[in-house]
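Take a look at the structure below.
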Amino acid sequence: MGIKILELNDEIKTNILENMLKRSPSSYREHENTVREIIVEVREKGDKAIFQYAERFDGVKLDESNFRVTEAEIKEALSEVGENLLSVMKQSMENIRAFHEKQVRQSFFSAREDGSILGQRITPIARVGVYVPGGKAVYPSSVLMNVVPAIVAGVPEIVMTTPCGKDGKVNANVLAAAHLLGIKEIFKTGGAQAIAALAFGTESIRKADKIVGPGNIFVALAKREVYGHVSIDSIAGPSEIMVLADETANPRFVAADLLSQAEHDEMASSILVTTSEKLAKEVSAEIDSFLAKLERKEIMEKSLENYGYALVAKSMEEAIDVVNEIASEHLEIVTADPWASMTKVKNAGAIFLGNYSSEPLGDYFAGPNHVLPTNGTAKFFSPLSVDDFIKKSSVISYSREALEKVHLDIEAFAKAEGLTAHANSIAVRFE
């Protein structure tokens with residue numbers, strides 16, 4: 001099977017971009033009414049609706065007694081998680097913390113001799129809801145990536161929601177990650193109903209000010225629906241990887257990295273852009289070799305069939321143009337001089353340079369956030385960061401002397417807009 005090898009031209013580029021955009025949550029309008037109905041039910045009925053949806057969708061009976069994860073459940077989860085994994089999680093957490101601490105901004109104030117003071121005050125968001133999925137795959141790494149920047153930003157309250165199994169238990173690795181981060185408020189709910197609970201509150205779950213975390217199409221549509229009542233991180237689409245390579249790249253490494261994203265789900269996208277047709281053919285053969293022995297083979301094959309490409313460009317300039325046009329979530333650059341290639345890249349969520357910087361390094365361990373813009377939104381969005389968990393307030397303080405110098409100008413501006421009460425608010429101070 002391998003991967004489709006295509007000679008890059010304008011028509012191919014247009015077709016791929018159109019095909020990629022089909023994966024956007026905005027393309028799934030058939031689910032919008034279902035999501036709205038769930039949100040209305042939770043908003044009106046609170047916990048009762050959550051419990052009904054848990055039985056209907058997850059096959060589990062929840063009530064007030066078992067809805068919130070207990071200390072005993074966390075202790076049980078810790079006993080199931082090996083010391084080795086806990087140790088790796090701790091190191092990953094420290095790497096993520098160290099990176100995000102460099103993003104912290106400070107409030108500032110600027111004073112002038114006339115007595116005016118201007119500034120910006122930075123404060124953390126008061127309460128953040130973190131959604132952790134529990135469907136085809138469970139991601140304790142996402143717990144770390146979503147919570148650490150919130151902690152670094154100084155968010156005082158963090159609540160987590162995640163679906164449980166039919167036995168009423170939450171994934172042990174997810175609970176272990178939450179424990180390492182000190183999260184005490186964890187509720188067993190998933191899907192659009194969990195987003196509604198975080199956005200509007202129920203008897204058990206107090207309303208959050210912001211919701212972060214990945215999820216399926218219902219979660220993505222629910223986040224879009226509640227945006228404005230609360231803030232959200234983004235409306236994420238399926239995972240993506242693009243590898244920019246020349247003839248010096250190792251085809252086995254490239255094939256392995258493409259498959260690392262194809263295994264996420266059938267909608268994931270894996271694209272090689274190269275100046276070497278020989279490399280493209282070698283990568284395709286290596287993909288077949290890996291597929292014969294890796295788990296999740298069916299998912300990877302479907303993903304490659306729908307959204308997998310090896311694009312052969314005539315030049316590195318043409319290759320980089322398509323990289324910027326597609327604006328992938330993850331971009332690996334494996335060229336003779338990856339740093340030089342990187343300087344020409346304008347649009348990518350995270351950039352990995354060289355043979356030994358494979359994408360999973362960013363997913364789990366290096367420190368930069370793995371919550372990244374998808375579906376071409378890297379053209380205008382950025383990775384999740386400390387900035388996502390703060391608010392900025394402008395601060396203005398003028399003395400009489402400072403205002404007197406400019407009050408006629410301000411009054412004239414206000415009158416020009418027909419807002420005489422604005423002008424009067426300034427003028428009365430100098431009557």
Side-chain angles (χ1 to χ4, degrees), residues 26 97-129 146 148-158 198-201 206-212 223-235 324 327 343-349 368-369 371-373 376-431:
S26 301
R97 187 192 303 275
F99 180 84
H100 287 81
E101 281 174 348
K102 293 179 174 67
Q103 299 174 339
V104 174
R105 298 189 188 210
Q106 303 299 325
S107 299
F108 66 83
F109 296 92
S110 171
R112 298 174 186 157
E113 290 182 3
D114 62 10
S116 63
I117 301 172
L118 303 176
Q120 180 174 272
R121 184 166 175 254
I122 290 177
T123 52
I125 291 174
R127 183 169 168 82
V128 168
N146 282 279
V148 170
I151 292 172
V152 170
V155 174
E157 291 185 19
I158 299 173
L198 292 170
F200 300 107
R206 285 188 300 110
K207 179 188 186 309
D209 298 309
K210 181 159 191 165
I211 302 171
V212 299
K223 284 168 76 175
R224 190 180 72 179
E225 192 70 24
V226 303
Y227 176 64
H229 297 282
V230 291
S231 177
I232 62 171
D233 51 354
S234 63
I235 304 168
N324 284 323
T343 63
K344 298 169 186 171
V345 171
K346 299 184 183 75
N347 305 320
N369 212 286
V371 181
L372 302 166
T377 60
K379 290 179 179 177
F380 44 82
F381 283 147
S382 305
L384 191 74
S385 73
V386 170
D387 282 353
D388 288 291
F389 298 97
I390 60 168
K391 301 174 283 93
K392 302 162 197 164
S393 301
S394 301
V395 178
I396 302 165
S397 174
Y398 265 47
S399 64
R400 179 186 172 85
E401 178 193 354
L403 186 61
E404 192 168 16
K405 289 179 183 176
V406 296
H407 79 94
L408 293 176
D409 294 336
I410 301 168
E411 290 165 36
F413 209 155
K415 288 173 184 174
E417 292 191 346
L419 300 175
T420 54
H422 278 64
N424 183 62
S425 171
I426 300 288
V428 293
R429 287 162 165 79
F430 300 99
E431 288 175 348

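Looking at every heavy atom in both residues, Leu372 comes nearest to Asn369 through CD2-O, 3.5 Å. Across every non-hydrogen atom of Pro373 and Pro383, the tightest pair is CD-N, 4.0 Å. Taking all atoms of both residues into account, the shortest heavy-atom contact from Ala348 to Val345 is CB-CG1, 4.3 Å. Across all non-hydrogen atoms, the minimal contact from Val155 to Pro124 is N-CB, 3.8 Å.
Within the model, atoms CD of Gln120 and OG of Ser393 stand 8.5 Å from one another, a figure rounded to the nearest 0.5 Å. The structure places NZ of Lys379 at 10.0 Å from OG1 of Thr377, a figure rounded to the nearest 0.5 Å. For the atom pair CG of Asp388 and CG of Asp233, the computed distance is 7.0 Å after rounding to the nearest 0.5 Å. Rounding to the nearest 0.5 Å places OG of Ser231 at 11.5 Å from NZ of Lys391. Atom CG of residue Leu419 and atom OG of residue Ser425 lie 11.5 Å apart, to the nearest 0.5 angstrom. To the nearest 0.5 Å, atom CD1 of residue Ile390 and atom CD1 of residue Ile125 are 8.5 Å apart.
In this structure a side-chain-to-backbone donor-acceptor pair under 3.5 Å is missing from Arg206 to Arg127. For Asn324 (side chain) and Lys344 (main-chain N/O), a donor-acceptor pair under 3.5 Å exists by modelled atom type. A donor-acceptor pair under 3.5 Å is absent between the side-chain atoms of Gln103 and the main chain of Ser385, judged by distance alone. With hydrogens and angles ignored, the 3.5 Å screen pairs no side-chain donor or acceptor of Lys207 with any backbone N or O of Val230.
Atom NZ of Lys346 sits in a sparse spot, with 12 or fewer heavy atoms from other residues, nucleotides or ligands closer than 6.0 Å. Atom OH of Tyr227 has 12 or fewer heavy atoms from other residues, nucleotides or ligands within 6.0 Å. Heavy-atom neighbours of His422 NE2 from other residues, nucleotides or ligands within 6.0 Å: at or below the threshold of 12. By the neighbour-count criterion of 12 heavy atoms within 6.0 Å, atom CZ of Phe413 is sparsely surrounded, having that number or fewer from other residues, nucleotides or ligands.
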Applying side-chain contact (heavy atoms from CB on, under 4.5 Å) to Leu118 and Tyr398, what does each step give before you reach the verdict? CA-CA 8 Å; Leu118 303 176; Tyr398 265 47; 4.1 Å; yes
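Two residues are said to be in side-chain contact when any heavy atoms from C-beta on lie closer than 4.5 Å; Ile410 and Leu403 meet this criterion. Side-chain contact between Phe99 and Val148: absent, with no pair of heavy atoms (C-beta onward) separated by less than 4.5 Å.
For residues 101-119, every residue pair satisfying the salt bridge (Lys or Arg N to Asp or Glu O under 4.0 Å) rule, not counting sequence neighbours, is listed here: Arg105-Asp387.
Exactly one residue among Glu411, Lys405, Glu404 makes a side-chain hydrogen bond (donor to acceptor under 3.5 Å, both in side chains) with His407. That residue is Glu411. Screening Val212, Asp209, Val152 against Phe389 for a side-chain contact (heavy atoms from CB on, under 4.5 Å) leaves a single residue, Val212.
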